[in-house]
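Keep in mind that this is a model prediction, so the values were computed, not measured. One-based numbering, in listed order, for ligands and for the atoms of each. Side-chain atoms are counted along with the backbone in the values below, which use heavy atoms only and exclude waters and symmetry mates.
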Amino acid sequence: MKIPFLSLQDVTARHEAEIQAAVQQTVASGRYLLGPQNRQFEAEWAAYLGCRHTVGCANGLDALIWIFRAYIEMGVMQPGDEVLVPANTYIATFLAITENGLIPVPVEPHPDTLEIDEQLIEAAITPRTRALCLVHLYGRCAFTPAIATLCRRYGLKLVEDNAQAHGCRFEGRRTGSLGDAAGHSFYPGKNLGALGDGGAVTTDDAALAETVRTLANYGSPKKYVFQYCGRNSRLDEIQAAVLRVKLRYLDADNERRRVIARYYCDHLDNPAIRLPQRLPDEQNVWHLFPILCQERDRLQQYLTDKGIETLIHYPIPPHQQACYRQTEWAQHASLPITELLHRQELSLPLSPAMSLDTAAQVVEAVNQFKL
Ligand SMILES: *Cc1c(COP(=O)(O)O)cnc(C)c1O
């Protein structure tokens with residue numbers, strides 16, 4: 001039997017009746033945009049995270065774009081300013097910066113945590129640095145008190161890319177409420193996923209929230225009044241209704257992810273493979289289960305032959321992507337740790353709908369792999 005990397009069909013099936021009812025109710029309501037489902041989801045997501053404001057928007061990339069654009073409109077930063085960012089992240093984190101004419105300054109991850117290396121941040125700060133965009137990559141908390149202290153000392157905005165870490169905690173607080181603002185993606189495969197695209201910005205800053213809300217709605221603070229050249233980037237009512245159902249199960253889903261991840265950690269014992277370093281349980285919601293292998297491509301092919309689907313997160317780091325070939329920061333980047341991780345990383349199947357029997361089959365196959 002084939003083992004898929006992630007079966008969204010199985011993920012959705014567990015709550016299908018409730019999701020169908022929520023969708024049906026929205027269909028019948030006649031309100032499809034900017035309605036009660038959005039308002040309620042925004043209130044519920046803010047309460048869940050423990051922050052003051054949530055603004056729903058079209059997707060996670062837009063959420064991050066709006067945060068930086070709002071800071072520019074508010075005069076906090078201007079095009080040409082620098083934003084520190086982990087060198088190993090999904091391209092969206094970089095796009096949100098470059099889309100706004102800001103300059104990304106990639107910082108290497110720590111090879112053990114795979115998260116931005118807090119020891120390397122200070123040396124990357126220049127007089128033009130305005131923000132640090134922290135990514136909780138793979139579902140693991142990247143925040144540290146030292147990072148917060150640095151941001152305060154240098155007057156940097158701390159922006160969280162929380163696309164992969166819904167529900168993750170740091171000392172009782174949730175990621176997405178630890179910095180000045182956070183972008184969230186509700187892409188179907190994320191821990192809290194919609195049945196299509198969705199995103200949100202969270203913050204305690206009322207002015208920032210209002211600016212983001214305006215930008216994402218054509219730049220219009222009031223009907224037919226346009227303060228900014230914004231775009232249409234709204235969360236639709238059906239997706240908000242779906243997210244409200246799924247939010248009720250997010251903590252249980254994350255607990256289930258931890259059970260699978262723990263099983264992998266306890267049973268994988270192939271010396272050719274490096275497992276993710278463990279943190280206190282609350283600090284990892286295991287969006288992915290990344291392992292490292294010197295012969296990653298051979299391992300992936302071997303697992304494919306055994307019917308086990310794996311993915312690489314990610315095969316090409318942002319600074320080596322064709323879209324950034326002409327940029328000075330990418331041409332000057334020297335990021336050996338990032339490049340090594342992109343050659344060695346492989347993500348094993350992991351989902352809240354997966355059984356321990358399936359995890360055991362993955363373990364058995366991986367343990368039998370020989371270099
Ligand atoms: C998925 C993801 C995004 C973008 O989210 P979309 O909703 O797909 O636009 C941003 N950052 C990271 C780290 C992601 O994994």
| For atom 6 (P) of ligand 1, which candidate among S185, G189, A165, G193 provides the closest heavy atom? | S185
| request: Considering only non-hydrogen protein atoms, determine which one is nearest to atom 9 (O) of ligand 1 and report residue, atom name and distance to 0.1 Å. | output: L61 N, 2.9 Å
| query | Does D161 approach ligand 1 within less than 4.0 angstrom via side chain, backbone, both or neither, non-hydrogen atoms only? | reply | side chain
| Test item: L250 and H166 side chains (from C-beta on) under 4.5 Å apart, heavy atoms | yes
| Any K190 heavy atom less than 4.0 Å from ligand 1 | yes
| query | Do side-chain atoms of N100 reach the backbone of I65 as a donor and acceptor pair under 3.5 angstrom? | reply | yes
Return yes or no for this condition: an N or O of [X] is under 3.5 Å from an N or O of ligand 1.
{"X": "Q164", "result": "yes"}
{"X": "G60", "result": "yes"}
{"X": "A92", "result": "no"}

| field | Geometric cation-pi criterion, R231 with Y218: 6.0 Å, 45° | value | no
| request: Report yes or no: do E73 and T211 form a side-chain donor-acceptor pair below 3.5 Å? | output: no
| Atoms in ligand 1 with a heavy atom of A163 nearer than 4.0 Å | 2 (C), 3 (C), 10 (C), 11 (N), 12 (C), 14 (C), 15 (O)
| Just one of R31, E237, R234, Q239 clears the side chain to side chain donor-acceptor pair (under 3.5 Å) bar with N38, so which one? | E237
| request: Specify whether F186 and F41 have parallel, tilted or perpendicular ring planes, treating 30° as the upper limit for parallel and 60° as the lower limit for perpendicular. | output: perpendicular
